[in-house]
Amino acid sequence: MRVVVLAGGRSSEHEVSLASGEAIREGLEAAGHEVVTIVIEREGRWRGEDGRPVELRPGEGLLGADVVFPALHGPYGEDGTVQGLLETLGVAYVGAGVGASAVCMDKVLFKRVLSAMVPPVPQVEYVGVREERWRVERAEVLQEIDELGLPVFVKPAHLGSSVGIVKVVERDEVGDALERALANDELAIGEAMAVGVEVECGVLGVARAQRLTAAAPRGLASEPGEIRYGGEWYDYAAKYEPGGMELIVPARVSERARARVKELAVETFVRVGCEGLARVDFFVDGEAVIVNELNTMPGFTATSVYAKLMSASGIAYPELLERLCRLGIERFQESGRLVY
């Protein structure tokens with residue numbers, strides 16, 4: 001295959017994306033594929049390997065690619081914007097489509113979708129706060145967040161990698177935490193403190209022929225892994241600094257809880273309309289399992305959590321990349337048969 005890898009992007013996760021893109025390139029080349037990298041600069045300019053701007057023409061694909069691998073994290077990459085552009089260009093791409101990308105990037109909307117399911121997917125209590133409401137209904141917002149108890153986590157609703165999160169332990173700190181979150185995003189979210197072990201589970205999509213078989217799973221769940229870290233909570237430093245965290249596979253929870261994690265991971269993946277891949281994060285307390293969030297394009301180096309979980313489940317990194325590209329091509333071919 002000829003694969004175009006998109007890396008970089010406009011979000012605060014630019015450097016993480018560059019690392020993901022380079023690892024994906026190496027993995028695909030190891031599997032015998034032709035790879036072209038496009039770097040999206042922080043200002044949003046797309047540049048090819050020759051350093052020149054990339055010309056985009058609707059309906060004409062992208063640099064002759066069979067499939068595009070958008071190794072982009074956060075806003076302007078993982079939120080449906082680039083996915084919509086790729087749809088307009090008329091090219092196959094890896095991962096979730098426009099709608100699922102947008103839903104999962106918005107932590108408040110994602111939680112509302114989970115709450116609307118029948119039965120609802122278990123999750124932590126939360127409050128969504130738009131900047132306009134915070135400016136005019138400050139007392140009401142503070143009261144709603146107060147009902148979540150302490151400590152409470154306040155974060156921007158559209159950022160990933162724990163960027164902008166504040167752990168609030170005193171009531172009089174809530175306002176400052178909201179101001180900080182709303183400086184990064186027009187929507188903030190306050191989440192109640194969850195107890196238990198932090199567990200993550202990868203999901204890999206399956207081919208359409210399998211999905212159309214009633215008895216077949218709609219997605220392949222990895223062996224769940226436990227996140228262990230030295231700080232108070234799983235912050236940016238713990239995720240990306242050397243030695244900041246340890247991934248333990250399988251997670252040290254009961255067999256019943258592990259089975260429930262895998263079941264909920266696939267169920268969440270399917271219900272929000274994801275395709276290709278996702279990493280679903282949980283809190284496990286005894287036999288109780290609650291969903292925290294879903295990442296449609298998690299960090300993607302060979303040593304990232306998603307790749308490690310899949311490797312522990314028998315899918316090596318180059319094979320994983322190839323399967324994801326094949327799934328993207330299959331979806332593109334299927335969509336081409338539809339009449340709108």
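For the atom pair Leu204 CG and Leu327 CG, the distance stands at 6.0 Å (nearest 0.5 Å). In this structure, CD on Glu198 lies 7.0 Å from CG on Asn292, to the nearest 0.5 angstrom. Rounded to the nearest 0.5 Å, atoms CG (Leu63) and CH2 (Trp46) are 9.5 Å apart. Met310 CE to Leu324 CG: the interatomic distance, rounded to the nearest 0.5 Å, is 8.0 Å. With rounding to the nearest 0.5 angstrom, the CG atom of Leu28 is 10.5 Å from the CD atom of Glu26. Considering CZ of Phe269 and SG of Cys104, their distance stands at 9.5 Å, rounded to 0.5 Å.
In this structure, the side chains of Leu247 and Ile227 come closer than 4.5 Å at one or more pairs of heavy atoms. Looking at Val39 and Glu49, their side chains never come closer than 4.5 Å, going by heavy atoms from C-beta outward. A heavy-atom distance below 4.5 Å is found between the side chains of Arg47 and Pro53. Considering only heavy atoms from C-beta on, Ile145 comes within 4.5 Å of Val129 through its side chain. Contact of the Leu264 side chain with the Val280 side chain is not registered, since no non-hydrogen atoms from C-beta on lie closer than 4.5 Å. Two residues are said to be in side-chain contact when any heavy atoms from C-beta on lie closer than 4.5 Å; Leu159 and Glu13 fail this criterion. Between Leu220 and Ile315 there is a side-chain heavy-atom pair separated by less than 4.5 Å. Between Val121 and Thr268, the closest side-chain pair of non-hydrogen atoms falls below 4.5 Å.
In Arg52, the CZ atom is not crowded: 12 or fewer heavy atoms of neighbouring residues, nucleotides or ligands sit closer than 6.0 Å. No more than 12 heavy atoms of other residues, nucleotides or ligands lie within 6.0 Å of CZ in Arg171, so this atom counts as exposed by the packing criterion.
The two residues Ala100 and Thr296 come nearest to each other via the heavy atoms O-CG2, 4.3 Å.
Applying salt bridge (Lys or Arg N to Asp or Glu O under 4.0 Å) to Lys111 and the options Glu125, Glu191, Glu293 leaves one that passes, Glu191.
Applying the side-chain hydrogen bond (donor to acceptor under 3.5 Å, both in side chains) criterion to Arg138, with sequence neighbours excluded, gives no partner residue. Not counting sequence neighbours, Phe282 has no partner by the ring pair (Phe, Tyr, Trp, His ring centres under 6.0 Å) test.
Between Phe300 and Tyr317, the ring-plane angle classifies as tilted under the 30° and 60° cut-offs.
One finds a salt bridge joining Glu43 and Arg45 here, because a Lys/Arg side-chain nitrogen approaches an Asp/Glu carboxylate oxygen to under 4.0 Å. Under the 4.0 Å criterion applied to side-chain N and carboxylate O atoms, Glu334 and Arg208 are assigned as salt-bridge partners. Using a 4.0 Å cut-off between charged nitrogen and carboxylate oxygen, Arg42 and Glu15 count as a salt-bridge pair. One finds a salt bridge joining Glu223 and Arg258 here, because a Lys/Arg side-chain nitrogen approaches an Asp/Glu carboxylate oxygen to under 4.0 Å. Comment: Arg331 engages Glu275 in a salt bridge, judged by a side-chain N to carboxylate O separation of less than 4.0 angstrom. A salt bridge is defined here as a Lys NZ or Arg NE, NH1 or NH2 lying under 4.0 Å from an Asp or Glu carboxylate O, and Glu267 with Arg218 fails to meet this definition. Salt bridge annotation for Arg135-Glu179: present, with a cationic side-chain nitrogen under 4.0 angstrom from a carboxylate oxygen. The existence of a salt bridge linking Arg25 and Glu22 is excluded, since no basic side-chain nitrogen approaches an acidic carboxylate oxygen closer than 4.0 Å.
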Quick one, Tyr126 with Val152, criterion side chain to side chain contact (heavy atoms under 4.5 Å, CB included). Give me CA distance, side-chain angles, the key distance, then yes/no.
CA-CA 9 Å; Tyr126 70 96; Val152 63; over 6 Å; no
Derivation of the side chain to side chain contact (heavy atoms under 4.5 Å, CB included) call for Lys155 and Lys107:
CA-CA 10 Å; Lys155 63 183 81 171; Lys107 295 179 177 64; 3.8 Å; yes
Evaluate the criterion side chain to side chain contact (heavy atoms under 4.5 Å, CB included) for residue pair Leu18 and Val16; output intermediate values, then yes/no.
CA-CA 5 Å; Leu18 291 177; Val16 178; over 6 Å; no
Run Arg228 and Met245 through side chain to side chain contact (heavy atoms under 4.5 Å, CB included) and show every step you take.
CA-CA 6 Å; Arg228 185 176 179 182; Met245 60 81 73; over 6 Å; no
Let me see the working for Ser222 and Glu200 under side-chain hydrogen bond (donor to acceptor under 3.5 Å, both in side chains), right down to the final yes or no.
CA-CA 9 Å; Ser222 74; Glu200 299 184 353; over 6 Å; no
Determine, step by step, whether Glu287 and Ser254 satisfy the side-chain hydrogen bond (donor to acceptor under 3.5 Å, both in side chains) criterion, reporting the C-alpha distance in whole Å, the side-chain angles of both residues, the deciding distance to 0.1 Å, and the verdict.
CA-CA 7 Å; Glu287 302 303 321; Ser254 71; 2.9 Å; yes
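Cluster membership check: Leu320 does not share its hydrophobic cluster with Val206, using side-chain heavy-atom separations under 4.5 Å among Ile, Leu, Val, Met, Phe, Trp and Tyr. Both Leu182 and Val154 sit in one connected hydrophobic cluster of ILVMFWY residues. Membership requires side-chain heavy atoms under 4.5 Å apart, directly or through other members.
At a cut-off of 3.5 Å, with distance as the only test, no side-chain donor of Ser11 or His73 sits close to an acceptor on the other residue. A side-chain donor from one of Ser304 and Thr301 sits under 3.5 Å from a side-chain acceptor of the other.
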Taking only distance into account, with no hydrogens and no angle test, what donor-acceptor pairs under 3.5 Å do side-chain atoms of residues 84-95 form with protein atoms, sequence neighbours excluded?
| from | atom 1 | to | atom 2 | distance (Å) |
| --- | --- | --- | --- | --- |
| Glu87 | OE2 | Tyr93 | OH | 2.8 |
| Thr88 | OG1 | Gly84 | O | 3.0 |

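For residues 310-321, the pairs satisfying salt bridge (Lys or Arg N to Asp or Glu O under 4.0 Å) are Glu319-Arg323, with sequence neighbours left out. Every pair passing side-chain hydrogen bond (donor to acceptor under 3.5 Å, both in side chains) that includes a residue from residues 56-66 is listed here, sequence neighbours excluded: Glu55-Arg57.
Apart from Ile290 itself, the hydrophobic cluster it occupies contains Val124, Phe283, where clustering links Ile, Leu, Val, Met, Phe, Trp and Tyr at side-chain heavy-atom distances under 4.5 Å.
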